[in-house]
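Comments concern the structure below.
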Amino acid sequence: MSRHHGKEASNSVITIQKAKHEGRKLSMVTCYDASFARLVDRSGIDIVLVGDSLGNVIMGHEDTTQVTMNDMLHHSKAVSRVLRKPLLCVDMPFLSYQISPEQALDNAGRLIQQGGAQCVKLEGGRNLVPQVKKLVQAGIPVMGHLGLTPQKINTLGGYRIQGREEEQQKELIADAKALEDAGVFALVLELVPSELAKTVTDTLSIPTIGIGAGGHCDGQVLVLQDLLGFDEGFEPKFLKKYANLGALISESLARFDQEVKDGVFPSADHSFL
Ligand code: KIV
């Protein structure tokens with residue numbers, strides 16, 4: 001069954017934009033594989049992002065700068081094979097779009113054609129207007145990403161809140177407007193003060209989706225493994241954990257280990273006569 005011919009239509013960029021005008025909040029989570037995509041699909045979540053955060057979460061890198069197009073394609077294929085309802089957005093990795101609008105179109109096209117993406121996300125402001133226009137003209141919807149942009153970690157020097165200074169705030173608002181004018185259909189705001197996120201949200205007619213950007217955004221996004229509590233030691237202020245799966249998984253594995261070593265598993269119930 002293809003994403004677009006299932007019984008229930010999948011969300012589109014049009015349904016996502018309508019939500020803002022109808023005053024409905026949007027939910028978005030990251031997802032990197034088919035096993036989780038099946039679970040997310042049943043949850044009511046509006047948008048799934050195959051984020052380049054897979055560099056940290058799945059591949060064990062320190063940051064996202066080493067993530068490649070092949071990594072993104074590998075994981076978006078896994079998610080798109082089983083996802084039905086949520087809009088599927090895929091991150092363009094570091095240096096897959098910055099070089100030129102043509103390079104951006106070439107790589108975004110691969111994420112759509114080979115990866116099964118319905119839209120792509122890229123990080124940056126006014127400097128990316130030519131890229132955004134090129135993709136939108138070709139029929140590829142683009143989500144923007146401002147505030148903390150993790151692909152610039154080597155320039156930013158750390159994962160800290162952006163836009164505290166007045167000058168930075170003006171820059172961010174100008175970037176947001178430029179991206180909207182260039183045609184992005186939605187905008188992620190990462191790690192910015194709530195009031196700044198509110199100003200951007202009130203200024204734009206496209207939805208804003210916040211992470212560490214307070215409650216005034218039109219939607220919220222979290223990394224799946226973070227909201228499920230995989231890493232007990234990871235507790236940034238913006239994160240709410242909706243489960244404690246890290247502890248549950250460790251406990252379950254320790255019990256399996258013990259039962260195998262004690263000869264308790266498999267019992268007759270789990271054996272063939
Ligand atoms: O890659 C990612 O997970 C993201 C979200 C934090 C928005 O870009």
Side-chain angles (χ1 to χ4, degrees), residues 1-16 26-61 63-99 102-123 131-132 134-136 138-145 150-151 184-186 188 209 221-228 230:
M1 185 167 65
S2 106
R3 276 181 64 66
H4 305 286
H5 298 99
K7 278 188 192 140
E8 197 181 6
S10 67
N11 287 338
S12 69
V13 294
I14 306 299
T15 47
I16 297 307
L26 292 160
S27 56
M28 171 162 132
V29 291
T30 66
C31 184
Y32 318 103
D33 70 22
S35 59
F36 273 117
R38 286 192 188 93
L39 297 173
V40 174
D41 203 43
R42 301 186 217 141
S43 65
I45 298 283
D46 298 300
I47 309 169
V48 161
L49 172 69
V50 180
D52 63 349
S53 51
L54 64 83
N56 314 63
V57 179
I58 305 295
M59 299 175 71
H61 292 308
D63 56 59
T64 58
T65 58
Q66 293 177 58
V67 176
T68 65
M69 274 296 296
N70 283 344
D71 297 330
M72 296 311 299
L73 282 168
H74 179 79
H75 289 275
S76 51
K77 282 178 190 176
V79 172
S80 68
R81 278 184 199 115
V82 302
L83 198 75
R84 300 284 166 253
K85 178 73 181 164
L87 179 75
L88 179 55
C89 187
V90 178
D91 261 341
M92 299 198 70
F94 183 53
L95 290 189
S96 71
Y97 55 95
Q98 289 91 342
I99 294 168
E102 290 70 27
Q103 183 216 20
L105 180 56
D106 195 29
N107 283 321
R110 290 178 69 201
L111 293 174
I112 303 277
Q113 288 193 309
Q114 298 167 36
Q118 289 169 286
C119 54
V120 298
K121 175 164 80 60
L122 39 82
E123 298 180 7
Q131 274 82 341
V132 172
K134 186 86 175 169
L135 302 193
V136 171
I140 299 177
V142 181
M143 185 182 282
H145 185 154
Q151 291 177 13
V184 303
F185 76 94
V188 166
I209 303 176
V221 55
L222 285 175
V223 167
L224 187 63
Q225 278 78 353
D226 293 349
L227 83 89
L228 294 177
F230 267 50

Side-chain touch [X]/[Y], heavy atoms, less than 4.5 angstrom:
{"X": "Val48", "Y": "Leu224", "result": "no"}
{"X": "Asp226", "Y": "Leu222", "result": "no"}
{"X": "Met72", "Y": "Asp91", "result": "yes"}
{"X": "Met59", "Y": "Thr64", "result": "no"}
{"X": "Asp41", "Y": "Pro86", "result": "yes"}
{"X": "Val82", "Y": "Phe36", "result": "no"}
{"X": "Pro93", "Y": "Met69", "result": "yes"}

Please determine, by modelled atom types, if Asp63 and Thr65 share a side-chain donor-acceptor pair under 3.5 angstrom. yes
Using only heavy-atom distances, determine whether the side chains of Asn56 and Ser53 contain a donor-acceptor pair under 3.5 Å.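 Looking only at side-chain atoms, Ser53 and Asn56 do not form any donor-acceptor pair under 3.5 Å.
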Where the side chain of [X] meets the backbone of [Y], is there a donor-acceptor pair that is under 3.5 Å apart?
{"X": "His75", "Y": "Tyr32", "result": "yes"}
{"X": "Asp46", "Y": "Ser27", "result": "yes"}
{"X": "Gln114", "Y": "Lys77", "result": "no"}
{"X": "Gln151", "Y": "Met92", "result": "yes"}
{"X": "Gln118", "Y": "Asn11", "result": "yes"}
{"X": "Ser80", "Y": "Gly115", "result": "yes"}

List the residues meeting side chain to side chain contact (heavy atoms under 4.5 Å, CB included) with Ala104, not counting sequence neighbours, and say none if there are none. Tyr97, Gln131, Leu135
What is the distance from atom [atom1] of [X] to atom [atom2] of [Y], rounded to the nearest 0.5 Å?
{"X": "Asp52", "Y": "Glu123", "atom1": "CG", "atom2": "CD", "result": "5.5 Å"}
{"X": "Leu26", "Y": "Thr15", "atom1": "CG", "atom2": "OG1", "result": "8.5 Å"}
{"X": "His61", "Y": "Leu54", "atom1": "NE2", "atom2": "CG", "result": "8.5 Å"}
{"X": "Ser96", "Y": "Gln103", "atom1": "OG", "atom2": "CD", "result": "6.0 Å"}
{"X": "Ile112", "Y": "Asn107", "atom1": "CD1", "atom2": "CG", "result": "12.0 Å"}

Name the one of Val50, Leu88, Val120 that satisfies side-chain contact (heavy atoms from CB on, under 4.5 Å) with Leu111?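 One option only clears the test, and that one is Val120.
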Work out which heavy atom in [X] is nearest to a heavy atom in [Y]; give both atom names and the distance.
{"X": "Val90", "Y": "Ala117", "value": "CG2-CB, 3.4 Å"}
{"X": "Cys31", "Y": "Ala37", "value": "SG-N, 3.4 Å"}
{"X": "Val223", "Y": "Thr30", "value": "CA-OG1, 3.3 Å"}
{"X": "Met28", "Y": "Ile209", "value": "SD-CD1, 4.1 Å"}
{"X": "Ile99", "Y": "Leu95", "value": "CD1-O, 4.0 Å"}
{"X": "Cys119", "Y": "Leu87", "value": "SG-CD2, 3.8 Å"}

How far apart are the C-alpha atoms of Gln66 and Asp71, what are their side-chain angles, what is the distance that settles it, and do they pass the side-chain contact (heavy atoms from CB on, under 4.5 Å) test? CA-CA 10 Å; Gln66 293 177 58; Asp71 297 330; over 6 Å; no
Within the supplied structure, the quantity of interest is the number of heavy atoms (other residues, nucleotides, ligands) at a distance under 6.0 Å from His74 NE2; does it exceed 12? no
Please walk me through it: do Leu122 and Val184 pass side-chain contact (heavy atoms from CB on, under 4.5 Å)? CA-CA 10 Å; Leu122 39 82; Val184 303; 5.9 Å; no
